[in-house]
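What follows is a short report on a single structure.
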Amino acid sequence: MLRLFVRLVRRPLLPAVRLWRRNLQLRVVAGTLLMSLAVVLSLGFVVIAQVSKGLLDAKEEAAQSQAAGGFAVAQEKANAPSTADGPDPTAVDTKAGRDASTWMSSLVKQLASGGQTAFEVVALGAGTGEMGPGVRGARASGDVDPAASVPMALRKSVNHATGTFLTFSSIRYSTPGTESEAALVIGKRLTDINGEPYDLYYLFPLTQEQESLNLVKITITTAGLFVVVLLGAIAWFVVRQVVTPVRMVAGIAERLSAGRLQERMKVTGEDDIARLGEAFNKMAQNLSHKIQQLEELSRMQRRFVSDVSHELRTPLTTVRMAADVIHDARVDFDPVTARAAELLAGQLDRFESLLADLLEISRFDAGAAALEAEPIDLRDVVHRVIDAAEPLAERKGSRVRVLGAAQPVIAEADARRVERVLRNLVVNAVEHGEGRDVVVRLASAGGAVAVAVRDYGVGLKPGEATRVFNRFWRADPARARTTGGTGLGLSIAVEDARLHGGWLQAWGEPGGGSQFRLTLPRTADEPLRGSPIPLEPEDSRANRARAEAEGRLGAADTAPPGPPVNRSPIPPRSAVAGATPVPADPTALPGSGARVVSRTADAGGKSAGTSGTSGTSGTSGTSGTTGKDGGAVDHAQEDATGGR
C-alpha cells in the first residue's frame with residue numbers, strides 16, 4: 001500500500017521533475033527567486049521588529065509621563081481641603097461625610113477630559129474591584145468595561161506593592177458590537193478623599209502605532225515582492241544570455257551525432273560565447289574531416305576485402321580442381337607426396353571456408369546483410385545441427401543431449417542464420433568439451449525464445465567473455481585448430497544474433513565448462529526484455545555452493561562433473577540441477593541481458609562486440625571456453641558436408 005501511495009503521488013510530479021532536471025534556466029531562476037525571497041523575508045522581519053520596538057518604546061515613555069502627571073493630579077485633589085462649609089480658610093477640614101462616589105466620578109471625568117481620546121481612565125476599588133465604604137462600583141471613562149479591560153495580573157501587582165505598574169492588554173467596551181483594541185495599561189494605588197485606597201489606571205490605545213506598523217508592513221511587502229520579481233527577471237535575462245548559446249551547442253551536437261556533419265554554430269560578437277562558438281565550429285569541422293577520412297578508409301577496406309574475396313574465387317576454383325586431381329591420384333604417389341596432397345586438400349577446404357566468412361563479414365560491415373524472417377520451430381533447427389555434428393561428437397567421445405524439446409519453440413527468424421549460429425555453438429562445445437556430454441536446452445517465455453549450449457570442458461578464464469566474440473581471437477594461441485576453424489565463426493554468429501534483434505552471450509569458469517546462450521524475440525522487431533534461460537547454469541560452482549550452503553543438495557549433487565568415461569556429467573534432476581525451466585515473464589527471469597553485445601566494431605576489424613552476463617546471473621564478464629577460438633565455426637562441416 002505504501003508503494004502504491006508513493007507511485008500515485010509521484011506520477012503527477014514526474015513531468016515537473018523531468019522539466020526541473022532538464023531546464024538549467026528554470027533551476028537558476030527558481031534558485032534566484034528563492035534566495036531573494038529568503039533575503040527579503042529576513043530583512044522584512046528585522047525591519048518590522050525594529051520599527052515595532054521603536055514605536056512601543058516611544059509610546060511607553062509618553063504614556064508613563066502622562067500617567068505620572070495624572071496620578072499626581074488625582075492624589076493632589078484627594079489631599080486638598082474641602083470648601084463645602086464656607087469660604088473661611090481657617091475652618092478645620094475633617095473630611096467626614098464627603099461623597100466619595102461623586103468625587104470619584106468627577107475625578108475620572110476630569111482626568112479623561114485631558115486625553116482627548118488619547119487615553120481612557122479607570123478607577124477600581126482595592127482588592128475585589130469594589131470601591132471602599134460608600135462607593136457603589138468602578139468608574140471608567142467612555143464605554144470602557146473596567147473589569148474586562150484591566151488584567152487581573154496587573155490588579156494583583158498594584159494591590160500588593162507600591163509604585164507604578166504597566167502591561168499590554170486590550171480595551172474592551174460595554175457597547176455591543178464595538179471591537180476591542182490593543183492598549184498599554186498603567187496603574188497605581190492611590191487614596192481617595194476619605195483616605196480609602198483605590199486603583200487608578202490609564203489605558204492608552206495603540207491604534208495609531210498599529211496603523212503605523214501596518215503601513216510599514218505593507219510598504220516592506222510591496223517593495224520585497226517588487227525586488228524579488230525584479231531579481232527573477234534579471235536572473236532570467238542573464239541566464240538566458242548564457243543558456244541560449246549552450247542550447248544551440250547542444251542542439252548542433254545532437255544533429256552532428258545524428259550524422260548531419262555540416263551543422264555549425266552562428267557566431268556573433270567577440271565575447272567568451274563567441275570564442276566558444278568558434279572553437280566548437282573548428283572542432284566540428286575537424287571531426288567531420290576525420291570522420292570522412294575514416295569512412296573513406298573503411299569503405300576502401302570493405303571494398304578491398306570484397307574485391308579480394310571475389311577475385312580469389314576464380315584462381316581458387318582452378319586450384320581446387322587441380323588439387324582434386326592430385327588428391328584422387330595420391331595412391332600412385334610415394335608416401336611423402338601423398339601426404340602433401342592430403343594436406344593441400346585440407347587447407348584448400350579451410351581456405352574456402354575463410355573466403356566465405358570474409359565475404360559474409362564484408363556484408364555485415366557494409367550493412368548489406370538482409371534478414372529473411374519466417375516462423376520456424378527451433379527444435380527442427382537444433383536437430384539438424386545435432387545430426388550434422390554427430391560424426392565429430394562420435395570421434396570426440398561426446399554425446400549431445402536436448403532438454404526442453406517437449407513443446408514447440410516458435411519464433412520469427414531466418415532459419416539459415418539461426419542454424420549457422422547454433423552449428424557454431426554446438427561444434428565448439430563438442431570440440432572443447434573434453435569428451436563429456438553437451439547439453440542443448442530450449443525454452444520459451446513471454447516474448448522471447450532461447451537456446452543454450454552447455455559443455456563441461458576446460459572452461460573459461462575470468463575476463464575472456466568480453467573477447468570470445470572478437471574476430472580471430474583465440475583463448476590459447478598455442479592450441480591448434482584441429483577442425484580447421486577460420487577465426488570468424490563467433491563474430492559472424494554475433495552479427496546474426498544482432499540482425500535478429502537478439503543476444504548472443506557467453507559464460508564460463510575454469511575447469512567447469514561454459515554455456516553460450518542465444519536469445520531471440522518471438523516476433524520480429526519486438527524488443528527483448530529478458531531471456532527464459534539464465535546465462536549462468538544452475539550446476540555452476542557458485543550456484544552449487546550456494547545450494548549446498550542452503551542444504552538443498554546432497555553429496556551426489558555436489559560432486560564435480562565426472563571423467564569422460566562417465567559419459568553423463570549432468571547432475572541428477574532435482575530441485576536445483578536438471579530441472580526444466582518453467583515459462584515465465586522474461587522481465588522476472590535471470591539473464592535479463594543487462595550487458596549485451598555492442599554493435600560497434602573497430603576499423604581494423606579486431607572486435608565484433610562484447611558480451612557479458614546479465615545483472616542477475618552473477619558472473620559478469622567471466623564467460624567463454626578456454627581454447628574456444630573465435631573461428632571454431634562449422635567444425636562438423638568438413639566431417640559431414642566437406643565445408644560450409
Side-chain angles (χ1 to χ4, degrees), residues 14-31 235-306 361-371 466-467 469-471 491 494-495 497-503 525-528 593-612:
L14 286 178
V17 173
R18 190 177 295 109
L19 178 62
W20 174 264
R21 294 178 60 183
R22 293 183 177 180
N23 197 318
L24 175 63
Q25 185 174 0
L26 175 62
R27 293 202 302 271
V28 173
V29 173
W236 179 84
F237 177 76
V238 173
V239 174
R240 181 179 176 82
Q241 301 299 314
V242 179
V243 171
T244 300
V246 173
R247 288 178 177 173
M248 292 176 58
V249 172
I252 294 175
E254 291 176 354
R255 291 191 288 273
L256 286 173
S257 63
R260 300 169 62 180
L261 302 179
Q262 305 302 322
E263 291 289 335
R264 297 294 183 269
M265 281 188 64
K266 182 180 179 181
V267 180
T268 56
E270 299 179 356
D271 53 8
D272 295 335
I273 301 298
R275 292 173 55 193
L276 172 64
E278 293 176 356
F280 182 85
N281 290 340
K282 290 181 181 178
M283 179 190 69
Q285 184 176 359
N286 293 334
L287 287 176
S288 176
H289 182 63
K290 292 295 182 182
I291 290 174
Q292 290 176 357
Q293 288 182 340
L294 292 175
E295 288 180 347
E296 183 64 25
L297 178 61
S298 178
R299 284 194 296 268
M300 291 176 61
Q301 289 178 342
R302 292 196 298 266
R303 189 182 306 113
F304 175 77
V305 172
S306 179
I361 285 290
S362 65
R363 293 191 190 96
F364 283 117
D365 291 342
L371 187 68
T466 59
R467 302 189 300 273
F469 297 103
N470 292 357
R471 299 176 183 180
S491 300
V494 164
E495 296 295 340
R498 291 197 195 110
L499 196 62
H500 285 84
W503 306 330
D525 300 329
E526 180 181 359
L528 285 177
R595 293 184 59 196
V596 297
V597 182
S598 171
R599 294 195 60 86
T600 60
D602 54 40
K606 291 184 179 181
S607 173
T610 59
S611 70

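Note that this is a predicted model, so its numbers are computed, not measured. Below, all heavy atoms of this structure are taken into account, side chains as well, without hydrogens, waters or symmetry copies.
- Looking at residues two or more places apart in sequence or on another chain, you find a side chain to side chain contact (heavy atoms under 4.5 Å, CB included) between Asn23 and Leu19, Gln25, Leu26, Arg247.
- Residue Gln262 comes nearest to Gln292 through the heavy atom pair NE2-NE2, 4.0 Å, listed as atom of the first residue, atom of the second, then distance.
- Residues meeting the salt bridge (Lys or Arg N to Asp or Glu O under 4.0 Å) test with Glu295, sequence neighbours left out: none.
- Partners of Glu270 under the salt bridge (Lys or Arg N to Asp or Glu O under 4.0 Å) rule, at least two apart in sequence or in another chain, do not exist in this structure.
- We find the CG-CE distance between Leu276 and Met248 to be 10.5 Å, quoted to the nearest 0.5 Å.
- From Arg21, atom CZ reaches atom CZ of Arg27 across 9.5 Å, with rounding to the nearest 0.5 Å.
- Side-chain atoms of Thr244 come within 3.5 Å of backbone N or O of Arg240 as a donor-acceptor pair.
- Under the rule for a salt bridge (Lys or Arg N to Asp or Glu O under 4.0 Å), the partners of Arg275 that lie at least two apart in sequence or sit in another chain are Asp272.
- For the residue pair His289/Gln293, the side-chain donor-acceptor check at 3.5 Å is satisfied.
- Remark: Val267 pairs with Ala274, Glu278, Asn281 by the side chain to side chain contact (heavy atoms under 4.5 Å, CB included) rule, at least two apart or across chains.
- Among all heavy-atom pairs drawn from Ala253 and Phe280, the shortest one is N-CZ, 4.1 Å.
- The distance from the CE atom of Met283 to the CE atom of Met265 is 10.5 Å, given to the nearest 0.5 Å.
- Residues satisfying the salt bridge (Lys or Arg N to Asp or Glu O under 4.0 Å) test with Arg255, not counting sequence neighbours, are Glu263.
- For the pair Ser257 (side chain) and Glu254 (backbone), a donor-acceptor distance under 3.5 Å is present.
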